[in-house]
Amino acid sequence: MTVRAMTSKEVTKKVFNKEAFFILDVRNEGDFKDWKIEGENFDYLNIPYFDLLDGVEEILDQLPTDKEILVVCAKEGSSVMVAEMLSDAGKDVAYLQGGMKAWSEHLEPVKVGDLKNGGEMYQFVRIGKGCLSYMVVSEGEAALFDAVRMTDVYTEFAESVGAKITQVFDTHLHADHISGGRKIAEQTGAAYWLPPKDATEVKFSYEPLEDGVEVTVGNTTIAIQALYSPGHTIGSTSFVVDEAYLLSGDILFIDSIGRPDLAGMAEDWVADLRETLYKRYKELSDELLVLPAHFMIIDELNDDGTVSEKLGTLFSKNHGLNIESEEEFRKLVTENLPPQPNAYQEIRETNMGKISPDEEQQREMEIGPNRCAVR
């Protein structure tokens with residue numbers, strides 16, 4: 001029988017709406033434990049595909065009768081076959097179109113809010129990978145921050161809101177995903193900005209992003225002010241946009257803080273990280289809405305699907321901002337760290353322009369969860 005394909009966009013809406021949903025994941029147990037589709041009211045059953053080759057009869061009583069059922073695998077093929085077997089057994093099921101590879105790449109644009117003198121702030125939620133990127137739109141111009149490699153999503157969205165991308169920024173040299181910033185700048189003629197302290201080995205030209213640089217987007221003079229904030233990398237730079245939003249890159253998240261070890265410099269960068277979080281950020285307004293470059297757990301999503309929180313709230317609730325002992329802080333960010341991102345050295349070299357993997361290689365390099373945070 002033919003079974004229905006469910007898109008990543010449809011599943012994302014179920015995450016945002018906190019719907020009850022059941023996922024039968026037929027990948028290997030290790031892959032499932034490492035990384036899965038997460039939702040607040042999702043239930044799961046993980047049975048490797050090869051255990052179902054002789055039929056699905058033994059798992060029928062483990063499947064719900066009152067929830068939608070989605071079969072998931074790595075690339076799609078196995079989930080189609082299992083879904084067809086379940087359909088033949090009388091179950092109403094769908095499979096995830098494109099598998100976890102498609103889930104890893106889906107971007108969902110969500111409006112964060114308006115700018116004071118006209119314009120909007122949009123957040124692009126890469127729901128399966130935990131990456132967050134941003135577009136500031138004003139008077140027909142757009143600035144883009146921390147774009148991922150699925151560049152068509154940004155250019156098509158900008159066109160849909162009547163804007164031309166004129167400025168592209170990376171808050172730092174990324175190690176967990178391949179940046180789309182340089183590609184978009186080449187496609188649109190936009191200026192591409194990168195912190196020079198992170199760019200000592202890059203093989204391309206860029207605009208040096210330094211502390212205090214101000215860039216205007218649109219005729220309404222939306223000031224985007226760069227704030228040097230090292231710690232995740234030596235060049236990490238935050239942005240204050242329209243005196244209302246703090247784009248914190250991978251320095252500060254909603255439920256965690258950035259890790260300083262992805263360039264092998266953890267011991268050297270701990271002091272920078274603490275200085276940024278406990279001094280430089282402390283000097284900013286508590287009313288700034290923090291917009292990070294990643295989220296780590298699904299609980300960080302707000303009811304509207306955005307990931308954001310006021311800086312003052314984070315100073316009261318985020319454990320990483322409330323460690324009085326410098327020694328305890330050092331231990332937190334240098335010991336018992338989560339595994340480093342898959343292929344992170346190759347990702348860094350790609351973002352430097354040193355290597356040019358093809359699209360399928362880039363997909364493989366990025367597979368897996370976000371691992372930029374310390375909790």
Side-chain angles (χ1 to χ4, degrees), residues 8 34-35 74-75 98-109 123-135 144-158 165 167-188 190-195 198-207 209 232-233 235-237 247 249-250 258-259 261-264 292-296 338-373:
S8 293
D34 184 50
W35 178 50
K75 299 179 181 178
M100 291 298 285
K101 279 197 171 184
W103 181 245
S104 172
E105 295 181 343
H106 179 67
L107 284 174
E108 189 71 26
Q123 183 180 68
F124 291 76
V125 182
R126 188 176 178 184
I127 188 72
K129 182 74 176 167
C131 302
L132 301 167
S133 43
Y134 299 90
M135 186 180 290
L144 189 58
F145 299 82
D146 290 329
V148 298
R149 61 182 172 79
M150 285 71 76
T151 57
D152 289 352
V153 176
Y154 304 108
T155 53
E156 290 171 7
F157 184 83
I165 298 171
Q167 311 286 345
V168 181
F169 302 88
D170 270 323
T171 56
H172 61 287
L173 187 79
H174 294 281
D176 82 310
H177 70 265
I178 294 164
S179 169
R182 183 160 50 103
K183 180 178 177 182
I184 291 174
E186 291 170 354
Q187 290 174 337
T188 63
Y192 177 51
W193 299 78
L194 192 63
D198 279 1
T200 55
E201 298 180 53
V202 303
K203 303 300 182 183
F204 49 83
S205 59
Y206 64 93
E207 296 294 328
L209 181 58
H232 178 65
T233 67
S236 287
T237 301
L247 273 61
D250 281 351
R259 61 190 296 172
D261 67 310
L262 294 184
H294 285 92
F295 68 94
M296 189 175 180
Q340 294 185 322
N342 295 337
Y344 76 99
Q345 290 288 18
E346 290 85 353
I347 290 173
R348 292 181 76 246
E349 290 182 0
T350 302
N351 288 335
M352 291 176 189
K354 289 184 173 182
I355 59 175
S356 300
D358 62 31
E359 185 172 349
E360 190 56 33
Q361 289 171 324
Q362 291 182 38
R363 279 182 143 185
E364 291 296 333
M365 287 159 62
E366 288 190 340
I367 284 294
N370 157 43
R371 292 184 174 132
C372 287

Is the shortest heavy-atom distance from the side chain of L194 to the side chain of F204 under 4.5 Å?
-> yes
For F145, the option from F124, Y134, F169, W193 that meets ring-ring contact (aromatic ring centres under 6.0 Å, His included) = F169
Quick one: does L132's side chain get under 4.5 Å of V125's, heavy atoms only?
-> yes
Are the side chain of W35 and the backbone N or O of G128 linked by a donor-acceptor pair below 3.5 Å?
-> yes
Report, one line per pair, each donor and acceptor closer than 3.5 Å where one atom sits in a side chain of residues 178-185; sequence neighbours left out.
| residue | atom | partner | partner atom | Å |
| --- | --- | --- | --- | --- |
| S179 | OG | D170 | OD2 | 2.6 |
| S179 | OG | G181 | N | 3.0 |

Heavy-atom pair of closest approach, residues E366 and D176 | CG-O, 4.5 Å
Between Y154 and L107, the two heavy atoms sitting closest are OH-CD1, 3.6 Å
What about Y206 and Y192, are their ring centers closer than 6.0 Å?
-> no
Do you know which two heavy atoms are closest between T171 and G249, and how far apart they sit?
-> OG1-CA, 3.6 Å
Can you name the closest pair of heavy atoms from P357 and Q362 and give their distance?
-> O-NE2, 2.9 Å
Closest heavy-atom pair, S104 versus K129, reported as atoms and distance to 0.1 Å, is O-CB, 3.9 Å
Rounded to the nearest 0.5 angstrom, the NE2-CG distance for H174 and D198 is 9.5 Å
Heavy-atom closest pair (I347 atom, H177 atom, distance to 0.1 Å) is CG2-O, 3.3 Å
Excluding sequence neighbours, so at least two apart, what forms side chain to side chain contact (heavy atoms under 4.5 Å, CB included) with K354?
-> E201, K203, E349, M352
Are the side chain of T350 and the backbone N or O of E346 linked by a donor-acceptor pair below 3.5 Å?
-> yes
I127 and E108, any side-chain heavy atoms less than 4.5 Å apart | no
Quick check: are there more than 12 heavy atoms from other residues, nucleotides or ligands sitting under 6.0 Å from CD of E359?
-> no
Considering residues at least two apart in sequence or located in another chain, which fulfil the side chain to side chain contact (heavy atoms under 4.5 Å, CB included) criterion with E105?
-> R126, R149, M150, R363
Heavy-atom distance under 4.5 Å between the side chains of E364 and K101, does that happen here?
-> yes
Find the distance between CD1 (I165) and OG1 (T188) and round it off to the nearest 0.5 Å.
-> 5.5 Å
